[in-house]
Number of protein chains: 2
Amino acid sequence: MRLLVIEDNDELAGLLAQGLRTAGYESDRFSSVEDARIALSTVSYAALILDLGLPDGDGLDVLRELRRRSDSIPVILLTARGGLDDRVSGLKLGADDYLVKPFALEELLARIEAQLRRPGQLLGASLKVANLSFDTRERRCLIDDTPQPLSVRETTVLEHLMRSKGRVVSKRQLEDSIFGLSEDVGSNAIEVYVHRLRKQLSEKGSKAQIHTIRGVGYLISEDQ
Amino acid sequence: MRLLVIEDNDELAGLLAQGLRTAGYESDRFSSVEDARIALSTVSYAALILDLGLPDGDGLDVLRELRRRSDSIPVILLTARGGLDDRVSGLKLGADDYLVKPFALEELLARIEAQLRRPGQLLGASLKVANLSFDTRERRCLIDDTPQPLSVRETTVLEHLMRSKGRVVSKRQLEDSIFGLSEDVGSNAIEVYVHRLRKQLSEKGSKAQIHTIRGVGYLISEDQ
DNA sequence: TTCCAACCTTACAGCAGCCTTACAGGCCTC
DNA sequence: GAGGCCTGTAAGGCTGCTGTAAGGTTGGAA
């Protein structure tokens, strides 16, 4: 699950990146309104963490644009102490929550989780395909209710497929969810991950299968 | 178990630190509202001991903020004789107990223990994984009901893992619970403690095992 | 059938994360 | 002060993950 962090303070951004990663989120971080726009229009993020005091413009403009085009991505604002006006206008414009600096990393994580748990959002009950299930809270895979060890990449791919149960996921989408904008992929990495994941799952007795839809992408479903 | 002490009198603070340490608690101490905020937002403490007469603001504000964000950390107020109003407003704001200065160290310890023993708090029945159990009251580890000598650090790590039985504990969380804010860790200390703990446990016939979840943290569970 | 693109499979090097060991300093006890 | 234990640091080794590349296989179009 990939989050977008817009924050111009390098130190804070570093801490956030680390904390988010430990909590199992991947993130891209940019420090300007301009980059935020580009990122949002390129990759599909699970949530946006938006600092309001940016050098090249008003973060609220980003929020306003998102909502104008009916993008309901959860947005959590970071505001400096006392920026009451910002908070109020932020919430009016459709922000979902806000935190006043300084804040506890754990609190941010709790707020993110709360947002992702909203109906239609990304954290919820466990996803299930045949005897394979994925616990979105703990971010782990279970076969017949036994937890299975998977690498970080394998877990990410599986999560994406399970969230899109019944729909085809393109290779491009998988690339975006794994690498975001930060890195390039110059290889068949996704194919390799899918291969490794298939191997793990079949070795461990999963009855769910990852099908290839040639020219389109991958699809997870029960057997056959 | 780590406590946060907010007290601006150096002498008293020194005595408290010493007394708490002797009683088996670790503590961080700060002397201003500002530092209190930062500490609370960075580390997860078992309880807060809060003096109300601080130089840079009202300690009650700290308490108010905690409760507003539904943080139920036990808070024990220290008030000067006659500060009746403070006590009343403190309790109204959600403080759990208070002591009037001067007070006996032993009384403070008793109050702390009482708070930690509340349902849902940190002192309680023993935690058990296979033939390994941890008595949170006495703060010691038992294998097949035989007490085992462990060093302070080893005990802290084990306690944290046992309290999070079934969940993964990140290295970062372990660092926070051991070092708090007072020290830095510039090494692989946690890895070393885990290693020492594993050695102790296996030598003494524990059937509980500490598993490594690469890139995530550690997890204690039965065997396998 | 032939050919090409898409995908699968395997192998491998680099690397980060973790384990293990050794050691020096601090503290406590005797 | 001698000895012992605990603590934190450092260094080196090991393991498994990751991304890349290369070659094989499959499916579909012409």
Side-chain angles (χ1 to χ4, degrees), chain A residues 17-18 21-22 24 26 139-141 148-159 161 168-180 182-203 209-220, chain B residues 2 17-18 21-22 24 26 139-141 148-159 161 168-180 182-204 209-220:
Chain A
Q18 165 123 16
R21 178 164 182 176
T22 307
E26 320 217 27
R139 216 157 176 284
R140 64 182 182 178
C141 151
Q148 301 295 334
L150 291 179
S151 81
V152 176
R153 295 304 198 212
E154 287 157 11
T155 305
T156 305
V157 170
L158 178 62
E159 179 177 14
L161 290 173
V168 178
V169 179
S170 72
K171 240 192 296 202
R172 176 61 198 281
Q173 285 173 311
L174 288 173
E175 273 176 11
D176 283 352
S177 88
I178 288 179
F179 297 100
S182 15
E183 300 131 89
D184 328 321
V185 223
S187 71
N188 59 346
I190 301 297
E191 289 164 22
V192 175
Y193 302 147
V194 169
H195 175 246
R196 287 173 183 156
L197 184 55
R198 278 174 168 150
K199 200 169 160 194
Q200 298 276 332
L201 294 182
S202 78
E203 274 174 9
Q209 279 210 337
I210 300 173
H211 303 276
T212 302
I213 313 296
R214 211 183 155 81
V216 187
Y218 298 96
L219 170 71
I220 198 165
Chain B
R2 183 164 283 272
Q18 167 119 19
R21 178 161 184 178
T22 309
E26 321 216 27
R139 222 158 170 285
R140 63 179 185 179
C141 151
Q148 301 295 334
L150 290 179
S151 79
V152 176
R153 295 305 198 209
E154 287 157 11
T155 305
T156 305
V157 170
L158 179 61
E159 179 177 14
L161 290 173
V168 178
V169 180
S170 72
K171 242 192 296 202
R172 173 66 196 280
Q173 285 173 311
L174 288 173
E175 272 177 11
D176 282 353
S177 87
I178 289 179
F179 297 102
S182 18
E183 302 129 88
D184 318 328
V185 223
S187 71
N188 60 346
I190 302 297
E191 289 164 24
V192 175
Y193 302 147
V194 170
H195 176 245
R196 287 172 183 158
L197 183 55
R198 277 176 169 150
K199 201 168 159 195
Q200 297 278 331
L201 294 182
S202 78
E203 274 174 8
K204 282 161 183 162
Q209 278 209 336
I210 301 173
H211 302 275
T212 302
I213 313 295
R214 210 184 156 82
V216 187
Y218 298 97
L219 171 71
I220 198 165

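Reminder, nothing fancy here: chain letters follow the sequence lines and each chain counts from 1.
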Note to self: So, does B:S151 get its side chain near the phosphate of D:dT7, meaning an N or O under 4.0 Å from OP1 or OP2?
What the structure shows: yes

Notebook entry, point to check: Can a side chain N or O of B:R153 be found less than 4.0 Å away from OP1 or OP2 on D:dG8?
Noted result: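 Checking B:R153 against D:dG8: at least one side-chain N or O falls below 4.0 Å of OP1 or OP2.
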
Note to self: Return whichever of B:A189 or A:S187 has its heavy-atom-nearest nucleotide of DNA chain D closer to the 5' end.
What the structure shows: B:A189

For [X] and [N], what is the distance between atoms [atom1] and [atom2] respectively, to the nearest whole Å?
| X | N | atom1 | atom2 | answer |
| --- | --- | --- | --- | --- |
| B:Y193 | D:dA10 | OH | P | 13 Å |
| B:Q200 | D:dC5 | CD | P | 12 Å |
| B:I190 | C:dC19 | CD1 | C1' | 15 Å |
| A:L150 | D:dG16 | CG | C1' | 14 Å |
| A:H211 | D:dG27 | NE2 | C1' | 17 Å |
| A:I178 | D:dC17 | CD1 | P | 15 Å |

Between protein and nucleic acid, restricted to nucleotides 6-13 of chain C and to nitrogen or oxygen atoms under 3.5 Å apart, what atom pairs and distances do you find?
from, atom 1, to, atom 2, distance (Å)
C:dC7, OP1, A:G215, N, 2.9
C:dC7, OP2, A:K171, NZ, 2.9
C:dC8, OP1, A:R198, NH1, 2.7
C:dC8, OP1, A:T212, OG1, 2.5
C:dC8, OP2, A:Y218, OH, 2.8
C:dT9, O4, A:N188, ND2, 3.0

Item checked: Counterpart residues, side-chain contact (heavy atoms from CB on, under 4.5 Å), relative to A:R196 (two or more places apart) -> A:E154, A:V192, A:Y193

Checklist line | B:R172 CZ: over 12 foreign heavy atoms closer than 6.0 Å | finding: no

N/O-N/O pairs, protein side and nucleotides 25-30 of chain C side, under 3.5 Å:
none

